Amino acid sequence: MPNSTYSHPSVLALSFGQMTEVKYLYGAIVFLIFLMIAVSSSTVIGTIILHRTLHEPMYIFIAALCMNGLYGSICFFPALFVNLVSQIQTISYISCLIQIFGIHTYIGCEITVLAAMAFDRYVCICNPLRYNSLMTSSNVFKLIGAAWLYIIIIITIHVILTIRLPLCGSVIEKIYCDNWSVVRLSCIDTTLNNIFGLLITSVTSLLPGCIFISYVKILMVCTKSSKDVRAKALQTCTPHLVSLTYFATNILCEILLLRFPVNTMPYELKIIISVQAYVLAPLLNPLMYGLKMREIRVKIGHIFYIKKS
């Protein structure tokens, strides 16, 4: 059959499985998690914006990380909530493409912002004499802009390559849309999509390796420094390492499940693995930075104390 006879389905079906049997319970949980992410992220972002003493590179990067988590949650949770409380679990083709762009840019920006944060810590600890000249406010915002722009460009190309594909199926084997779930429905050869996807995955995957190398060098410098320097370095670097390790592990598991599906794995477990990067990571970052880092924690306390007074 000629390719011209194929088209894009106007509506795609999502696979919620037995989740629909207790959909209102899951809907309430999803709404609660989204509310917690929105409140915690907004609190950290607002605190950093309102206090000039927090207008330093490290805190600006933290605000950018929380903004990205909030952005990813907005791309993921509202659509999930609507489908959970609906009679049928579907999504329009256009909405699916928008969600693909949203969640993939969120994932990419999470990694690139963490890379920028690692560079900031590396310069601060390993080259402190040049820190103030290198990490000016202008350069910090340029780094954040470059981190976002790089991901937006490559994901835009990725989505355009997906749009060109005619689809023979209309069932997404997940509770949300991602690029590979749509590409696998294609009626024609997807070699170009696979090559480009492998290329950007490989390039982006180099960043976590570079981040870990920078932290190894930081630890080497700390071993030769005073006790106070080591304590301060560990206080600022530990949240970054936890965020990176957790996020990278989740994304790796997700990629492996997509490319090498395990048919014997329970569907509920697959769902839990696939949504962790969108659920726990945006919640973990503001809580960890807001509670772990004393400067932010104290300023948050001041805000609520003033409101209470």
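Not measured: the values here are computed from a predicted model.
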For residues 151-171, which side-chain donor-acceptor pairs fall under 3.5 Å, sequence neighbours excluded?
unit_1, atom_1, unit_2, atom_2, d
T156, OG1, I152, O, 2.6
H158, NE2, N179, ND2, 3.2
T162, OG1, H158, O, 3.1
T162, OG1, N179, OD1, 2.5
R164, NE, L161, O, 3.2
R164, NH2, N193, OD1, 2.8

Original post:
What heavy-atom pair brings A116 and F61 nearest, and what distance separates the two atoms?
Top reply: CB-CE2, 3.6 Å

Original post:
At what distance, to the nearest 0.5 angstrom, does CE of M67 lie from CD1 of I144?
Top reply: 8.5 Å

Original post:
Any idea how F34 and F77 line up, ring-wise: parallel (<30°), tilted (30 to 60°), or perpendicular (>60°)?
Top reply: tilted

Original post:
Has the side chain of N83 got a donor or acceptor atom that lies under 3.5 Å from a matching backbone atom of T90?
Top reply: yes

Subject >> V82: side chain to side chain contact (heavy atoms under 4.5 Å, CB included) partners, not counting sequence neighbours >> reply: S86

Just list the side-chain donor-acceptor pairs under 3.5 Å for residues 108-115, sequence neighbours left out, or say none.
unit_1, atom_1, unit_2, atom_2, d
E110, OE1, N68, ND2, 2.9
E110, OE2, N285, ND2, 2.8
T112, OG1, G108, O, 3.2
T112, OG1, C109, O, 3.1
T112, OG1, A147, O, 3.2

Original post:
Where do R121 and M58 land on the side chain to side chain contact (heavy atoms under 4.5 Å, CB included) test, with the steps shown first?
Top reply: CA-CA 8 Å; R121 291 297 86 201; M58 180 174 65; 3.8 Å; yes

**OP:** Could you tell me the separation between the CD1 atom of I94 and the CD atom of Q99, rounded to the nearest 0.5 Å?
**Re:** 13.5 Å

Original post:
Which pairs with one or both residues in residues 115-156 pass ring-ring contact (aromatic ring centres under 6.0 Å, His included), sequence neighbours excluded?
Top reply: none

Original post:
What residue pairs, at least two apart or across chains, pass side chain to side chain donor-acceptor pair (under 3.5 Å) with a residue in residues 69-80?
Top reply: Y71-T105

Original post:
Any donor-acceptor pair under 3.5 Å linking the side chain of H55 with the backbone of I49?
Top reply: yes

Original post:
To the nearest 0.5 Å, how far apart are CG in L32 and CD1 in I37?
Top reply: 10.0 Å

Subject >> Derivation and outcome, side chain to side chain contact (heavy atoms under 4.5 Å, CB included), residues F16 and L84 >> reply: CA-CA 8 Å; F16 276 71; L84 279 170; 3.7 Å; yes

Original post:
How far does CD of E56 sit from OG of S137, to the nearest 0.5 angstrom?
Top reply: 9.5 Å

Subject >> Straight-line distance of K174 NZ to W180 CH2, nearest 0.5 Å >> reply: 12.0 Å

Original post:
Above 12 or not: heavy atoms from other molecules or residues under 6.0 Å from CD1 of I88?
Top reply: no

Original post:
What distance do I103 atom CD1 and I74 atom CD1 have between them, rounded to the nearest 0.5 Å?
Top reply: 14.5 Å

Original post:
Are any of the side-chain heavy atoms of L185 and I172 separated by less than 4.5 Å?
Top reply: yes

Original post:
Any chain of hydrophobic side-chain contacts (each under 4.5 Å) joining V11 to Y176?
Top reply: no

Original post:
Taking all atoms of both residues into account, what is the closest heavy-atom pair of S133 and N139, and its distance?
Top reply: O-ND2, 4.1 Å

**OP:** Applying side chain to side chain contact (heavy atoms under 4.5 Å, CB included), run through F76 and V275 and close with a yes or a no.
**Re:** CA-CA 9 Å; F76 178 75; V275 303; 3.8 Å; yes

Original post:
With a 4.5 Å limit on heavy-atom distance, are the side chains of M117 and I62 in contact?
Top reply: yes

Original post:
So, the side chain of E173 versus the backbone of S181: is there a donor-acceptor pair under 3.5 Å, distance only?
Top reply: no

Original post:
Taking only residues two or more places apart in sequence, or in another chain, which ones meet Y59 in a ring-ring contact (aromatic ring centres under 6.0 Å, His included)?
Top reply: none

**OP:** Just grab all the disulfide (SG to SG under 2.5 Å) pairs involving residues 10-43, residues at least two apart or on different chains.
**Re:** none

**OP:** Kindly give the heavy-atom pair with the smallest separation between T47 and L54, and that separation in Å.
**Re:** O-CD1, 3.8 Å

Original post:
Are any of the side-chain heavy atoms of V85 and K23 separated by less than 4.5 Å?
Top reply: no

Subject >> side chain to side chain contact (heavy atoms under 4.5 Å, CB included) partners of L199, counting only residues at least two apart >> reply: V203

**OP:** Might you point out which heavy atoms bring V279 and P282 nearest each other, and give the distance in Å?
**Re:** O-CD, 3.6 Å

**OP:** Would you list the pairs meeting side chain to side chain donor-acceptor pair (under 3.5 Å) in which at least one residue belongs to residues 28-42, sequence neighbours left out?
**Re:** none

Original post:
Mind checking who shares a hydrophobic cluster with I195, ILVMFWY linked at side-chain heavy-atom distances under 4.5 Å?
Top reply: none

N/O donor-acceptor pairs under 3.5 Å from side chains in residues 212-221, not counting sequence neighbours:
unit_1, atom_1, unit_2, atom_2, d
S214, OG, I211, O, 2.5
Y215, OH, H240, ND1, 2.9

Original post:
disulfide bond (SG atoms under 2.5 Å apart) with C177: which residues, sequence neighbours excluded?
Top reply: C96

